[in-house]
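Everything below concerns the one structure shown next.
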Amino acid sequence: MTDRSPTPNPFDWLDAHAARRTAAGLRRWLRHRVSDDPVLDLASNDYLGLARHPEVAEAVAAAAKEWGAGSTGSRLVTGSTTVHRDLEAAAAAHVGAEAGLVFSSGYLANLGAVTALAGPGTLIVSDARNHASLVDACRLSRARVEIVPHLDVAAVENTLAVRTEERALVITDGVFSVDGAIAPVAELLTVARRHGAGLLVDEAHALGVVGEGGRGTVHAAGLAGAPDVVVTSVLSKSLGSQGGLVLGPARVIEHLVDTARSFIFDTGLAPATAAGALAALRLLAGHPELATGVRDRAREISAIARSLGLDSPEPHGAVAAVLVGEAEAAVAAADLCLSLGVRVGCFRPPSVPDGISRLRVTARADLTDADVERARAALAAVAARLNSQA
Ligand SMILES: Cc1ncc(COP(=O)(O)O)c(C=O)c1O
């Protein structure tokens, strides 16, 4: 007879794990959202306020009528449409790259680009604060990965200089999401070139925000179209849509179509979603002031935080950070803002490598002066709470 003695449930350990994370203030919860939410949203990545722009919504609806809900298959099998092609051409033209390729998310664009360009026999040199999708891409690539201190060009050079691998790739965020720093892309490319390495820059937080017309850090550094630079980016932030991009030399793009597993074995981005991103990109191209608008608003919010005695470094992109300290205090501060009608983001370990939990207050190009006053009132309450606890 089979032994039916009770065995512990194999997922029992999850309860203790969840309790530990809750006690440390690290637990993540989904928050329900309604479409007519009266809360002022300063937590989203819709940097230019284009996600609900009428022209964008119209383009999505028209493409959905034409193509339906999905792309019906991998881009290589059934899923590549004129919308994808036009979006790729427009995105490449915007940042001055030779060619482009759309992925179904920014995460998958990074996985695809890094794993197709680096593998066993390649050294990857990666900034310590690169986005999680680049970190995962490095792990998946099976290349040797050296993590270098944040923004440390000399460390990149030293690491490249002693490598034994034939090929090397330096990877960095263009604008870092946690501290808002801008990568020294020109200096990185100089050292990469000295050592025969390629450079990959993730412009997720820079597209639509940094540089003239929001063309990103690579363009702003005068490196648009460089034959040894690959840009990745997202359609999910300033373009208000979903999806990812790789932009660079045509032969790199052709290699990705041929070998990038997250492109080949993934259903293509829905044409309607691509059409929304294309409409947003056209709005950005026609209104370069959107990029300066969001940067100005972010600086304004950060200056307000400082005027209230809060610690907020001058932002270079769309996000004003307000440093709080302990994870629990940052969560309580974000909750306080929400109770006052303002939603802000909250970064805690492990998303903050320096261990300082912080509010992440995202500006948008379409914020009004009245919105900024609401943000001021919420930050004033945070400052009062933190002062009373000091
Ligand atoms: C720097 C960076 N790269 C890539 C991604 C992934 O993009 P997506 O959300 O479109 O998958 C993000 C998104 O949070 C990001 O911040």
Side-chain angles (χ1 to χ4, degrees), residues 95-98 109-207 210-212 215-233 245-253 255-256 316-317 353-354:
V95 305
E98 206 178 356
N110 276 339
L111 290 193
V114 173
T115 57
L117 293 174
T122 308
L123 168 69
I124 296 179
V125 186
S126 178
D127 186 288
R129 295 201 186 166
N130 277 343
H131 187 259
S133 54
L134 288 176
V135 173
D136 292 352
C138 288
R139 291 174 181 158
L140 205 57
S141 72
R142 291 177 295 143
R144 182 166 72 89
V145 181
E146 288 290 339
I147 315 289
V148 287
H150 187 40
L151 306 175
D152 191 338
V153 179
V156 172
E157 169 127 58
N158 294 340
T159 309
L160 288 173
V162 296
R163 82 172 191 269
T164 50
E165 293 82 0
E166 193 187 333
R167 298 201 306 257
L169 185 66
V170 176
I171 66 177
T172 182
D173 280 16
V175 173
F176 288 83
S177 58
V178 175
D179 63 7
I182 300 214
V185 285
E187 291 88 337
L188 286 172
L189 186 58
T190 302
V191 304
R193 280 187 176 159
R194 242 188 327 255
H195 297 280
L199 176 66
L200 183 146
V201 184
D202 178 345
E203 300 271 42
H205 299 280
L207 180 68
V210 173
E212 188 226 323
R215 289 177 167 77
T217 64
V218 169
H219 188 280
L223 304 173
D228 41 6
V229 176
V230 174
V231 164
T232 64
S233 194
L245 283 168
V246 182
L247 305 162
R251 62 180 174 181
V252 169
I253 300 304
H255 176 66
L256 296 186
H316 302 290
D354 55 9

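Each residue takes its place number in the sequence, starting with 1. Heavy-atom basis, side chains included; hydrogens, waters and symmetry copies ignored. Remember, predicted model here, so these are calculated numbers, not experimental data.
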**OP:** Tell me, please, which residues at least two apart from T172 pass side chain to side chain donor-acceptor pair (under 3.5 Å).
**Re:** none
Original post:
For the residue pair A192 and V170, what are the closest heavy atoms and their distance?
Top reply: CB-CG2, 4.2 Å
Subject >> Counterpart residues, side chain to side chain donor-acceptor pair (under 3.5 Å), relative to R193 (two or more places apart) >> reply: D228
**OP:** Nearest 0.5 Å please: distance from the CD1 atom of I171 over to the OG atom of S126.
**Re:** 4.0 Å
Subject >> Derivation and outcome, salt bridge (charged side-chain N to carboxylate O under 4.0 Å, His left out), residues E146 and R144 >> reply: CA-CA 7 Å; E146 288 290 339; R144 182 166 72 89; 2.8 Å; yes
**OP:** Using side chain to side chain donor-acceptor pair (under 3.5 Å) as the criterion, list what pairs up with E157, not counting sequence neighbours.
**Re:** R194, H195
Original post:
Can any side-chain N or O of N130 pair as donor or acceptor with the backbone N or O of D173 at less than 3.5 Å?
Top reply: yes
Original post:
Taking only residues two or more places apart in sequence, or in another chain, which ones meet R142 in a side chain to side chain contact (heavy atoms under 4.5 Å, CB included)?
Top reply: P120
Subject >> For R139, salt bridge (Lys or Arg N to Asp or Glu O under 4.0 Å) partners two or more places apart >> reply: D136
N/O donor to acceptor pairs below 3.5 angstrom from side-chain atoms of residues 177-188, sequence neighbours left out:
| unit_1 | atom_1 | unit_2 | atom_2 | d |
| --- | --- | --- | --- | --- |
| D179 | OD1 | A181 | N | 2.9 |
| D179 | OD2 | R129 | NH1 | 3.2 |
| D179 | OD2 | H150 | NE2 | 2.5 |

**OP:** Measure the shortest side-chain to side-chain distance between L134 and L200 over non-hydrogen atoms and say whether it is less than 4.5 angstrom.
**Re:** yes
Pair up each side-chain donor or acceptor in residues 109-119 with any protein partner under 3.5 Å, not counting sequence neighbours, and list the distances.
| unit_1 | atom_1 | unit_2 | atom_2 | d |
| --- | --- | --- | --- | --- |
| N110 | OD1 | T232 | OG1 | 2.7 |
| N110 | ND2 | S133 | OG | 3.0 |
| N110 | ND2 | D202 | OD2 | 2.9 |
| T115 | OG1 | L111 | O | 2.6 |
| T115 | OG1 | G112 | O | 3.4 |

Subject >> Heavy-atom pair with the smallest gap, counting every atom of A226 and P249 >> reply: O-CG, 4.1 Å
Subject >> Sequence-distant partners of A132, side chain to side chain contact (heavy atoms under 4.5 Å, CB included), two or more places apart >> reply: none
Subject >> Any residue meeting side chain to side chain contact (heavy atoms under 4.5 Å, CB included) with H219, in chain and number order, not counting sequence neighbours >> reply: E212, R215, A224
Subject >> Side chain proximity check, L160 to V125, heavy atoms < 4.5 angstrom >> reply: yes
**OP:** Could you list the residues that satisfy side chain to side chain donor-acceptor pair (under 3.5 Å) with T217, not counting sequence neighbours?
**Re:** E203
Subject >> Shortest non-hydrogen contact from G121 toward E165 >> reply: O-CB, 3.4 Å
Subject >> Separation of I147 CD1 from C138 SG (nearest 0.5 Å) >> reply: 6.0 Å
**OP:** Report yes if some heavy atom in the side chain of V230 is under 4.5 Å from a heavy atom in the side chain of L247; otherwise report no.
**Re:** no
**OP:** For residues V95 and V218, determine if any side-chain heavy atom of one lies less than 4.5 Å from a side-chain heavy atom of the other.
**Re:** no
Original post:
Under the ring-ring contact (aromatic ring centres under 6.0 Å, His included) rule, what pairs show up with a residue in residues 119-143, not counting sequence neighbours?
Top reply: none
**OP:** Quick one: list whatever passes side chain to side chain contact (heavy atoms under 4.5 Å, CB included) with D152, sequence neighbours left out.
**Re:** P149, A154, A155
